[in-house]
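Data first, discussion second: the structure below is written as structure tokens.
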Protein chains: 2
Amino acid sequence: MGTSAPHPQPPRRRSDVQRNERSLLEAAAAVFASSGVDAPVREIAAAAGVGVGTLYRHFPARSDLVVAVYRHQIESCAQAGPALLAAAPSPFAAVLSWIHLFVDFLGTKHGLARVWQGDADGFTALHLLFIDRLVPVLTDLLDAARKAEEVVAPITAYQLIRAVGDLVAWTSPDPDYDVRRTVTLLVSGLKQEQPELWQPDPAIG
Amino acid sequence: MGTSAPHPQPPRRRSDVQRNERSLLEAAAAVFASSGVDAPVREIAAAAGVGVGTLYRHFPARSDLVVAVYRHQIESCAQAGPALLAAAPSPFAAVLSWIHLFVDFLGTKHGLARVWQGDADGFTALHLLFIDRLVPVLTDLLDAARKAEEVVAPITAYQLIRAVGDLVAWTSPDPDYDVRRTVTLLVSGLKQEQPELWQPDPAIG
DNA sequence: ATCGTGAACGGAGCGACGTTCCGTTCTGGC
DNA sequence: GCCAGAACGGAACGTCGCTCCGTTCACGAT
């Protein structure tokens, strides 16, 4: 890492390209909000007044479009990490708060988590963005909480954030189920020495 | 055979109906194992040497077919509950073991959890079977662990089992992620008094 | 054995979807 | 004004879940 190319902007950007990309982003934001991130591609293209071909040229994978739409929200979530750590009464409280910030972000987008790791190869742009931006933030929070001896479970930030993502993925209006409570349960497990798994002796049958 | 009908079956069952149902179940089991529970309906029907119409007549919803295939496994999982409670060194160990039994069951069927609550109305046969059979079992385990003061978090069996289901839903070959570890983390949270959520004062900005 | 009938079958067909492909349009430099 | 080539757009293809209805066939009555 060193003198990385500052801004290798290619020669120019045609005006219609920029206009269409803007239209697509606005349309996608609207459609995502009303119909969820699983909305049909055609619907988004139509809302943008654009052909599906154009949509695919700008955003080859659905997750590319999703990250483009939500990038700034993810960014502000990432930036909230250090701030929370500074303001919270304890590192653990910061971890818990930040995770819930993340949950609120994911929860408001129906089915977002279904995208964030939906691909079989798990190599979507969303996945990458999460790992690049969010995992380091959570790692710092966890390290601080560990240093304060509030967290003892040997779990990586990646494991934790992915678990939360999975939990929130299925957000549905079930009155008997509260994701936030579950997430709190998960996070509170960090305070516990992880128990060994007792297994029945198969020989006893 | 003898008087092999202790249960007064309704009028009668045509032989071809029974034959086709058997074929479908066997084919479904094979296809589920090789291609996951999301396998195309046509593939299952073809493997059974049957038309899709027949498949749908026997199993109107995909989850009906799934429960038919896995019913006995779910059943044995349910029956393992009390046994584990009796044999384990502590009620909490029994809870943890039973949950992992459940995880192993779900984990081996790719995408099973995607079905178990896939419907928008969440009213699938699979959902019902889980609630009817598994939730009571886990409730007993949790009660025992609470009585032993090993579990203090106010979480219902339904919430816990659903959380586990959500976690396992996305089982994918990610070397950096281990569902079992996450589940253990979740369960170990049961030992903790649930923390209050600290929230930053929005006035501070 | 045969026959009639209604339940059971099966696969063509429909609509929705993701994705591709290529003839057409239009931008921007000359 | 002109043109090369980038960008467009939507028809088209393959796949999927699910339905619908003409055909087949099991089985009790005869």
Side-chain angles (χ1 to χ4, degrees), chain A residues 9-28 31-32 34-66 68 110-111 114-115 118-121 123-126, chain B residues 5 9-28 31-32 34-68 110-111 114-121 123-126:
Chain A
Q9 282 299 20
R12 193 50 176 259
R13 290 257 301 189
R14 276 174 56 163
S15 63
D16 54 345
V17 175
Q18 283 181 297
R19 179 164 35 82
N20 280 330
E21 187 162 317
R22 242 184 78 89
S23 297
L24 277 169
L25 283 176
E26 287 170 5
V31 171
F32 284 171
S34 66
S35 308
V37 290
D38 284 334
V41 171
R42 281 180 238 266
E43 185 179 341
I44 301 171
V50 147
V52 291
T54 301
L55 189 156
Y56 273 100
R57 198 170 318 100
H58 284 265
F59 306 99
R62 174 181 294 268
S63 71
D64 295 324
L65 186 51
V66 173
H110 288 256
R114 221 165 322 189
V115 176
D119 265 4
D121 50 6
F123 208 65
T124 72
L126 194 53
Chain B
Q9 282 302 20
R12 194 49 178 258
R13 290 257 297 188
R14 273 175 58 163
S15 62
D16 54 344
V17 175
Q18 283 181 298
R19 179 165 36 82
N20 280 329
E21 187 162 317
R22 242 184 78 87
S23 297
L24 277 169
L25 283 176
E26 287 171 6
V31 171
F32 284 172
S34 66
S35 308
V37 289
D38 284 335
V41 172
R42 281 181 238 265
E43 185 179 342
I44 301 170
V50 148
V52 292
T54 300
L55 189 155
Y56 273 101
R57 199 170 317 101
H58 284 265
F59 307 99
R62 174 182 295 268
S63 71
D64 295 324
L65 186 51
V66 173
V67 314
H110 289 254
R114 222 165 322 187
V115 175
W116 99 283
Q117 76 93 28
D119 265 3
D121 50 7
F123 207 65
T124 73
L126 194 52

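It should be emphasised that the depicted structure is a prediction, and the values quoted were computed from it without experimental measurement. All chains are named by letter (A, B, ...) in the order of the sequence lines, taking the proteins before the strands, and each is independently numbered beginning at 1. Hydrogens, waters and symmetry mates are skipped; everything else that's a heavy atom, side chains included, is used.
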Tell me every residue that passes side chain to side chain contact (heavy atoms under 4.5 Å, CB included) with Ala45(B), counting only those two or more places apart in sequence or in another chain. Val52(B), Leu55(B)
Which protein N or O atoms sit under 3.5 Å from an N or O of nucleotides 24-27 of chain D?
from, atom 1, to, atom 2, distance (Å)
dA26(D), O4', Arg14(B), NH2, 3.4
dC27(D), OP1, Ser15(B), N, 2.8

With sequence neighbours left out, write down each residue that passes side chain to side chain donor-acceptor pair (under 3.5 Å) with Asp64(B), or none if nothing qualifies. none
Might you work through the side-chain contact (heavy atoms from CB on, under 4.5 Å) test for Val66(B) and Phe59(B), ending with a clear yes or no? CA-CA 9 Å; Val66(B) 173; Phe59(B) 307 99; over 6 Å; no
Residues at least two apart in sequence or cross-chain that pass side chain to side chain donor-acceptor pair (under 3.5 Å) with Arg42(B), listed by chain then number, are none
Bending between helix ends of the helix from dA1(C)-dT30(D) to dC30(C)-dG1(D) [5 pairs per end, 10° resolution]: 10°
Closest heavy-atom pair, Val37(B) versus Arg62(B), reported as atoms and distance to 0.1 Å, is O-NH1, 2.5 Å
Quick note, side chain to side chain donor-acceptor pair (under 3.5 Å) partners involving residues 48-57 of chain B, not counting sequence neighbours, are none
What range of DNA chain C does chain B touch, first nucleotide to last, counting atoms under 4.0 Å from its heavy atoms? dG6(C) to dG13(C)
Side chain to side chain donor-acceptor pair (under 3.5 Å) with Ser34(A): which residues, sequence neighbours excluded? none
DNA chain D: 5'-proximal contact among Arg57(B) and Val50(A) (nearest heavy atom): Val50(A)
Nearest-Å distance for atom pair CG/C1', residues Asn20(A) and dA6(D): 13 Å
In chain order, what residues pass the side chain to side chain donor-acceptor pair (under 3.5 Å) check against Arg19(B), with sequence neighbours excluded? none
Just one of Leu25(B), Leu65(B), Leu24(B) clears the side-chain contact (heavy atoms from CB on, under 4.5 Å) bar with His58(B), so which one? Leu24(B)
Kindly give the heavy-atom pair with the smallest separation between Ser35(B) and Glu43(B), and that separation in Å. OG-OE2, 3.3 Å
Would you tabulate the nitrogen or oxygen pairs shorter than 3.5 Å linking the protein to nucleotides 15-19 of chain D?
from, atom 1, to, atom 2, distance (Å)
dG17(D), OP1, Arg62(B), NH2, 2.7
dG17(D), OP2, Val41(B), N, 2.9
dG17(D), N7, Arg42(B), NH2, 2.8
dG17(D), O6, Arg42(B), NH2, 2.6
dC18(D), OP2, Tyr56(B), OH, 3.0
dC18(D), N4, Arg42(B), NH1, 3.3

State which residues pass side chain to side chain contact (heavy atoms under 4.5 Å, CB included) with Ala27(A); sequence neighbours excluded, sorted by chain then number. Ala47(A), Ala48(A)
Taken in chain and number order and not counting sequence neighbours, the residues that satisfy side chain to side chain contact (heavy atoms under 4.5 Å, CB included) with Glu26(A) are Arg22(A)
